[in-house]
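Beneath this line is the structure, given in structure tokens, with notes to follow.
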Amino acid sequence: MQKINIEKLKGTKFQKKVWKALMQIPKGKTTTYKELAKKIGKPKAVRAVANAVRANPCAPYIPCHRVVRSDGKLGGYSGKGGVKKKIKLLQKEGVKIN
DNA sequence: CACATGACCTAAC
DNA sequence: TGTTAGGCCATGT
């Protein structure tokens with residue numbers, strides 16, 4: 001499905017793990033940093049996960065916009081348009097925002 | 001190697 | 001209910 005290989009990108013193993021988990025998120029669905037951290041085996045490394053996500057090449061390689069906070073709010077977005085675009089994208093995919 | 005940063009989370013005031 | 005403080009982990013300087 002993924003046209004690109006994360007392994008081909010440069011970054012630490014931790015990042016690659018996070019990015020892979022991101023791509024594994026089904027469309028129209030959202031995940032929290034906590035769940036993501038848990039998935040990679042470090043439920044306490046939520047901050048490191050957030051760092052990895054923000055350090056990713058972002059659009060259009062990795063759907064970082066599918067990652068939200070536990071509060072239902074969005075975190076941030078280092079892409080074009082900013083968080084606003086992120087919200088729009090999620091809503092377009094059928095995700096409800098607080 | 002030590003310090004500082006961050007798109008976080010939880011608890012406490 | 002809104003803000004502050006502490007804890008946690010990886011990355012970059």
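In what follows, chains are A, B, ... by sequence order, proteins preceding strands, each numbered from 1. Atom set for the values below is all heavy atoms of this structure, side chains included, hydrogens, waters and symmetry mates excluded.
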Closest non-hydrogen atom pair between [X] and [Y], with its separation:
| X | Y | answer |
| --- | --- | --- |
| Ser70(A) | Lys34(A) | OG-CE, 3.8 Å |
| Leu22(A) | Pro63(A) | O-CG, 3.8 Å |
| Gln15(A) | Ala55(A) | NE2-CB, 3.2 Å |
| Glu7(A) | Lys20(A) | OE2-NZ, 2.9 Å |

For atom NZ of Lys17(A), decide whether the heavy atoms of other residues, nucleotides or ligands shown that lie under 6.0 angstrom number more than 12.
no
From C-beta outward on [X], which listed nucleotide comes closest to its side chain: [options]?
| X | options | value |
| --- | --- | --- |
| Asn51(A) | dG6(B), dC8(C), dC9(B) | dG6(B) |
| Ala48(A) | dC8(B), dA10(C), dC9(B) | dA10(C) |
| Arg47(A) | dA10(C), dC8(C), dC9(B) | dC8(C) |

Figure out the [atom1]/[atom2] separation between [X] and [N], and round it to whole Å.
| X | N | atom1 | atom2 | answer |
| --- | --- | --- | --- | --- |
| Asn56(A) | dA10(C) | CG | C1' | 15 Å |
| Phe14(A) | dC8(C) | CZ | P | 16 Å |
| Lys13(A) | dC9(C) | NZ | C1' | 18 Å |
| Tyr33(A) | dA10(C) | OH | C1' | 15 Å |
| Tyr77(A) | dC8(B) | OH | P | 16 Å |
| Lys44(A) | dC9(B) | NZ | C1' | 10 Å |
| Gln15(A) | dG12(C) | CD | C1' | 11 Å |
| Leu74(A) | dC8(B) | CG | C1' | 14 Å |

Sorted by chain and residue number, the side-chain contact (heavy atoms from CB on, under 4.5 Å) partners of Pro43(A) (sequence neighbours excluded) come out as Lys38(A)
Please work out which residues in residues 34-43 of chain A have a non-hydrogen atom less than 4.0 Å from an atom of DNA chain C and list them by number.
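Contacts with DNA chain C under 4.0 Å: Lys42(A).
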Partners passing side chain to side chain donor-acceptor pair (under 3.5 Å) against Arg69(A) (at least two apart in sequence or in another chain):
Asp71(A)
Touch check for Gly75(A), heavy atoms < 4.0 angstrom, all strands: base, sugar-phosphate only, or nothing?
sugar-phosphate
Identify whether any heavy atom of Ser78(A) sits under 4.0 Å from a base atom; if not, whether one sits that close to sugar-phosphate; answer base, sugar-phosphate or nothing.
base
